[in-house]
Protein chains: 2
Amino acid sequence: MRDECERVDSKQLGNLLQNIPDSESITRMAAVFQALQSETRLKMLFLLRQKEMCVCEFEQVLSVTQSAISHGLRILRQLDLVRVRREGKFTIYYIADEHVRTLIEMCLEHVEEKHEL
Amino acid sequence: MRDECERVDSKQLGNLLQNIPDSESITRMAAVFQALQSETRLKMLFLLRQKEMCVCEFEQVLSVTQSAISHGLRILRQLDLVRVRREGKFTIYYIADEHVRTLIEMCLEHVEEKHEL
DNA sequence: TTAATATATGAACATCTGTTCATATATTCA
DNA sequence: TGAATATATGAACAGATGTTCATATATTAA
């Protein structure tokens, strides 16, 4: 922290600060984005966007170990980005809700919009 | 990789794989989400959502050094999540486009939807 | 010019992440 | 039962990240 510069209006800044999400929401959002920051987990979600899948299907498609897949799915599950259902000896994963689809599609549009490097 | 389980249909999986974004897009998306995964940078964006700001305004509001703010803004800028404009000795930052707003709002809705811990 | 203000950058370091390996648990089928 | 299949978990380690400190650059005002 430093002395205020001439642009600073402390009162206004106080208001702005009050209008951001509370600290718990920020923490959770950070966790969600952090889950989405892994290429492996992103691929999982783009696969799940097309069809629900079991762990061994992921295994055939992604070039990481079954352990890595399970760990990744757990993180997505904990944040309610994907959900699970048992079917006999299989564990079927699927996208939790439309927010998740919108989230990844919004981001895809954003990065595809600029082809320039 | 392991032997196919009975649920696996290699042909179908091949198609699913072809329908996920190309590797460059995935990499960029990962970078975008990774930028959004920091609480400090999230707060910056929620502040910018209300009003464009210069670095010293952030300094009054966030409890990190000016250096940390600059580093954080650079990351957001590099991914075109925020943009910059010079105004005399001030550097004014603002949200790049609607994608970014939607992205953070979608995530906020997602985490607020579940109040249960 | 010089001093003051505003912002950016590089190095360094502690912390966090993603993966693998090894192993545990759960379900089905023989 | 026991063997095979499907999934989960813990430890460990290499690599990445966010912050601070120190310093550099840019702009304005004197």
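In what follows, every chain begins at residue 1, and chains take the letters A, B, ... in the order their sequences are listed. Please read these numbers as outputs of a predicted model, since none were measured by experiment.
Electrostatic pairing of A:Glu112 and B:Arg28 does not count as a salt bridge here, judged by no charged N lying under 4.0 Å from a carboxylate O. Comment: A:Glu6 engages B:Lys89 in a salt bridge, judged by a side-chain N to carboxylate O separation of less than 4.0 angstrom.
Contacts of B:Thr91 with the nucleic acid, taken as non-hydrogen atoms under 4.0 Å apart, involve only primed sugar atoms and P, OP1 or OP2. Nucleic acid contact for A:Phe58: none, since no nucleic acid atom lies under 4.0 Å from a heavy atom of the residue. Residue B:Ser70 is classed as a base contact, given a heavy-atom separation below 4.0 Å to a base. Nucleic acid contact class of A:Arg41 (heavy atoms, under 4.0 Å, all strands): sugar-phosphate only.
Atom pair A:Gln34:CD and C:dT17:C1' shows a separation of 7 Å (rounding to whole Å applied). Protein atom NZ of A:Lys89 is 12 Å distant from nucleotide atom P of D:dA4, rounded to whole Å.
Nearest nucleotide to the B:Arg86 side chain, out of C:dT19, D:dT27, D:dA8: D:dT27. Taking every side-chain heavy atom of B:His71 into account, C:dA11 is the closest of D:dT5, C:dA11, D:dT7. When distances are taken from the side chain of A:Cys54 to each of C:dT9, C:dT19, D:dT7, the shortest belongs to D:dT7. Side-chain proximity of A:Gln66 to C:dT9, C:dA6, D:dT7: nearest is D:dT7. When each of C:dT20, C:dT9, D:dA6 is scored by its nearest atom to the side-chain atoms of B:Glu6, the top-ranked nucleotide is D:dA6.
In this structure, B:Thr40 reaches the D:dT19 phosphate: one of its side-chain N or O atoms is under 4.0 Å from OP1 or OP2. Contact annotation: B:Arg74 reaches the phosphate of C:dT9 (side-chain N/O to OP1 or OP2, under 4.0 Å). One finds no side-chain N or O of B:Tyr93 lying less than 4.0 angstrom from the OP1 or OP2 phosphate oxygen of C:dA6. OP1 or OP2 of C:dG18 lies within a sub-4.0 Å distance of a side-chain N or O belonging to A:Gln37.
In this structure, B:Val64 is a member of the same hydrophobic cluster as B:Leu42, with clusters built from ILVMFWY side-chain heavy atoms closer than 4.5 Å.
Comparing B:Ile75 and B:Ser67 by the nucleotide of DNA chain D whose heavy atom lies nearest to each, the residue mapping closer to the 5' end is B:Ile75. Heavy-atom distances to DNA chain C give each of A:Glu87 and A:Arg7 a nearest nucleotide, and the one nearer the 5′ end belongs to A:Arg7.
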(message) Run the side chain to side chain contact (heavy atoms under 4.5 Å, CB included) test on B:Val32 and A:Leu36 for me, step by step, so that the C-alpha distance in whole Å, both residues' side-chain angles and the decisive distance to 0.1 Å come before the verdict.
(response) CA-CA 9 Å; B:Val32 166; A:Leu36 296 174; over 6 Å; no
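In terms of modelled atom types and a separation under 3.5 Å, the side chain of A:Thr27 and the main chain of A:Ser23 share a donor-acceptor contact.
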